[in-house]
Every structure is written in C-alpha cells, then in structure tokens.
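One-based numbering, in listed order, for ligands and for the atoms of each.
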Amino acid sequence: MISNMFTKFIHDFDVDFKRLVDKYGTPLYFLDAERVRENYLNLHSNVTNLWKNSLICYAYKANSTLALLKVLRDMGAGAEVVSGGELYAAKLVNMPPERIVFDGVSKSPLELAEAIRENILLINVESMEELSLIDKFASKFNVKVSLGIRINFDVKVDTHHYITTGRRFNKFGMDPDSAYTAYKKAQKMKNVNVKGIHIHIGSQILDIFPYVEVKEKLVNFCRKLKSTLKLALKYVDLGGGFGISYREYEKSFPISDYCENVVKPLTSYAGSIFDDDFKIILEPGRFIVGDAGILITRVNYVKESGGYKWVLVDAGMNDLIRPALYGAFHPIIPLSKVKDEYEIYNIAGPICESSDIFYIGFKAPLIRPGDLLAILNVGAYGISMSSQYNCRPRAAVVMRDNGEIKLVRRRENYNDIFRCDILEKS
Ligand code: LLP
C-alpha cells in the first residue's frame, strides 16, 4: 500500500521528475544536497553541543559520488575510508588528511603504504599482523603513524545478520584481550603512536541500547589501559550504524538520546581515562545520505502470469541491490497520473535472477507501461553498491543543490562496460 508519509516525502522534494527523466533518461538516481546538509547539521549540532572536539567522518562506502563528497567536505565533515579507492576519492575532493580515518579488516600492504604516505588522522588497526606491518612500513618511510585499535566487544544488535559487525563471531576487530596485548605492543613500537580506540557494531540500528552497552565496555577497557599502561587515549571513534526509517512504523535513529546517553557520559572522562582534549569521532553513512536519494525507474511492461500481476521496470538489482541482498524494503511511489482503481502488483527488474524484485504485493493505482515509479530512501548503499551485472551500464546521477539540478555522474555507456577488457585480434 502506498503510504501517506512517503507520498508526502516525495512531494516535499518538489521536483518535476518527468522533465528530469526526459532529459537524463531512466533509471536515474536523484540526490538532494540540501537534505544531506540538514542531516549532517542535525548530527553535528547534537554532538558539538555536548563536546566541541568532535569530528564526523562520513562513511564513503554509503555513497561516494564525488559531488556529494564535496558537499560534505565543505560542511566540515571528515572521511571514513575503507580502501585505497576511497582514500583516492578523499584526495579528489581535497579532503584535509587530518580529517581522514582509514578502517578495514583486510587492508592490503599497498593500501597501508598509501595511507601512511598521506599522513592521515588515524589508521584503525584490526589485527596484530596489521600492526606489525604498519610498524615495518613506518620505519621504512621514517615516519610516526597515528593508530587506533578496533575492538570487537561482542554486542548484540537488532538488524539484518549480514550487517551486524560487533559480535564475537564476526570477522571485525580484535577481542578485548588481544586488543590489550596490541596496545601494549604498540606502545613499545618506535614508529607508531597508538592514540585511539575504534568500535563499529553494525548498520541500520534503530535503538540506542547496544550503543549504551558497548560504551560501558569501552569505558571499562580504557580505564584498564589508563591504570595499567598509563595510556590516556586521544581519539574515541564510535563508528556509525545509525538507522533511518524505511517503513512507516519505523522511527529513524534517536540522535539526541544517543548523544545524551553515549556521548555525554564519555565527556566526563576527559582528563581521567581519556586525554584532556580527546576527540570524539563518528562514522555515519546512511544517516547522512539515506533519505536524500531517490531512484526513478520507468515501467517497461505490465504482465499477468501465474495469478500475479508483474510490473517490470527498467531499474534492476544491479542499480539497487539492497532488496535482493538483504530482503530490504524500500517504499515505492508511482509518479505518473493515478486513476482511482487499485491493483496488487509485484515490482521487478530486468535482471535474470529471481531475486531481482523490488516489492512484492504492492497495492497501487493502475500502473501502465511508460509510467514512472520512484524508489525511495536509496541515498545510502544504492549507487555505491551498483554493478554492471548483465552488462548493464550504471545509471546516471543528478543532484539538486541551491535550487539547481545538475548531472553529477553521467550514465555509463556500453564502452564503459568493456573499458578494461583486453581482446586479442583474431
Ligand atoms: N564505519 C564502519 C567501520 C563501517 O563498517 C560502516 C558500515 C560504517 C562506518 C557506516 O555505517 P552506517 O552509518 O552507514 O550504517 N550495505 C549495507 C550496509 C553495510 C554497512 C557496512 N559498514 C546496507 O545496504 O544496508
């Protein structure tokens, strides 16, 4: 059923999508820079009201469209990067190195060397082996590298099991005992400066309880670091994971409660467990860009088969993989003129996979070939997870900023798909 909340949502955007697709074609990603700014400022003001020395490092994996990265850089956001490619993107938008943190469970030697060369704020280490490799590189380059250690405190979160990251059985981080040994070892290394602690417990989390739980574990751990190793950390990186509302009954993450119950208690440890002027780092992705993106798709066919009515659209799981990969729900709104007659449809894409379905049992006004549909809340993990599967060029991206809508990523063409292939002449 089409929800009033989301119909209002699309009207709030106040965009003539029909004209837009006449110009740029479909499927088309639309991003709203103003919404991104609002989301960033909401988070930023809540955190800085409590603690001035904080840095919001936007998680590039959520959406790394360069024009969007530039908007966030201009707002003062930092970057959370997890690959050489994302580090490169940060450089392309002139992100100051002192605002970049590098995370990731399996950073390659080359990626580590690149991060060390850039002299970024923090590399968050996830294993003893990584720590040794960084020390080796740092002494070779004759530099001192700032490090954090990612700890896996085994905290349960209520989200899709593919996107929990802070359970004991997840591959991420180090368990507290190994992490303690790593801090001890790092303190003795000449070329590293161990200054931070890092956690990230999962994604699309809608309540603050797991964060409160992990905060307590983090404080206890840092108390031990201070009392036994005389180590008062300078950077407390709390990760991201703040969820947004995909369904009418869901409330997006209560950021002010989070600040009150997680950020504020931490600030009371300045000068005792933590350094006097310690920095709080957050790494949100979805919360900043999730509701700022819409995917516009055109209906190719409406057919009946096996007792079902199928609406077959021109966007597929290569454009938006979340429904196929996680069974994720995205609201859909028909943009074409609607008749007052309703039908129940399954909305699916063109990809040759049965999981290429966006919505099962969509109650909507009659849909016809040529109609436009808007798939909502696709700003995070939409474009960034898109692929060329089935040899489909990736969609174009437009962005509205200061009342103007501009193309910020052109539609790929067939040549783009085969750009890297090497075909010997026969
Ligand atoms: N920091 C680290 C270390 C992360 O691994 C992630 C996300 C983030 C920050 C940002 O998380 P966010 O605030 O966006 O929840 N593809 C999935 C989400 C995977 C998230 C992976 N890590 C999805 O479409 O739901």
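- When heavy-atom distances to ligand 1 are checked against a 4.0 Å cut-off, Glu126 has no atom that comes that close, whether in backbone or side chain.
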Only distances under 3.5 Å count here; give the side-chain donor-acceptor pairs of residues 260-267 to other protein atoms, sequence neighbours excluded, each with its distance to 0.1 Å.
| from | atom 1 | to | atom 2 | distance (Å) |
| --- | --- | --- | --- | --- |
| Glu260 | OE2 | Lys264 | NZ | 3.0 |
| Asn261 | ND2 | Asp257 | O | 2.8 |
| Thr267 | OG1 | Lys264 | O | 2.5 |

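- Side-chain N or O atoms of Lys230 include none that pairs as donor or acceptor with a backbone N or O of Lys226 at under 3.5 Å.
- The atoms of ligand 1 that sit less than 4.0 Å from any heavy atom of Pro284 are 13 (O).
- Annotation for Glu111 and Phe102: closest pair O-CE2, 3.7 Å, computed over non-hydrogen atoms.
- Ring centroid separation for the pair His200 and Phe172 does not come in under the 6.0 Å cut-off.
- Using a non-hydrogen distance threshold of 4.0 Å, Gly241 registers as a contact of ligand 1.
- The parts of Arg286 lying near ligand 1 are both backbone and side chain, judged by heavy-atom distances below 4.0 Å.
- Using a 4.0 Å cut-off to heavy atoms of Glu80, the atoms of ligand 1 that qualify are 1 (N), 2 (C), 3 (C).
- Separation of the Tyr29 and Tyr24 ring centroids does not fall under the 6.0 Å cut-off.
- Residue contact check for ligand 1: Tyr326 places a non-hydrogen atom closer than 4.0 Å to it.
- Near Arg150, meaning under 4.0 Å from one of its heavy atoms, ligand 1 places the atoms 3 (C).
- Using a 4.0 Å cutoff on heavy atoms, Ala380 does not count as a contact of ligand 1.
- In the model, Asp314 has a side-chain atom that pairs as donor or acceptor with a side-chain atom of Thr297 under 3.5 Å.
- At a 4.0 Å heavy-atom cut-off, ligand 1 does not touch Ala62 at all.
- The aromatic rings of Phe274 and Phe278 lie tilted to each other, with the angle between the two planes from 30° to 60°.
- Taking the centre and axis of the six-membered ring of Tyr381, the NZ or CZ atom of Lys61 falls outside the cone set by 45° and 6.0 Å.
- Near Gly285, the atoms of ligand 1 lying under 4.0 angstrom from a non-hydrogen atom of the residue are 12 (P), 13 (O), 14 (O).
- At a 4.0 Å heavy-atom cut-off, ligand 1 touches Arg322 through the side chain alone.
- Against a heavy-atom cut-off of under 4.0 Å, Asp103 is close to the following atoms of ligand 1: 3 (C).
- Residue-to-ligand polar distances place Glu283 within reach of ligand 1: an N/O pair is separated by less than 3.5 Å.
- Between the side chains of Asn170 and Asn152, no donor-acceptor pair is found at a separation under 3.5 Å.
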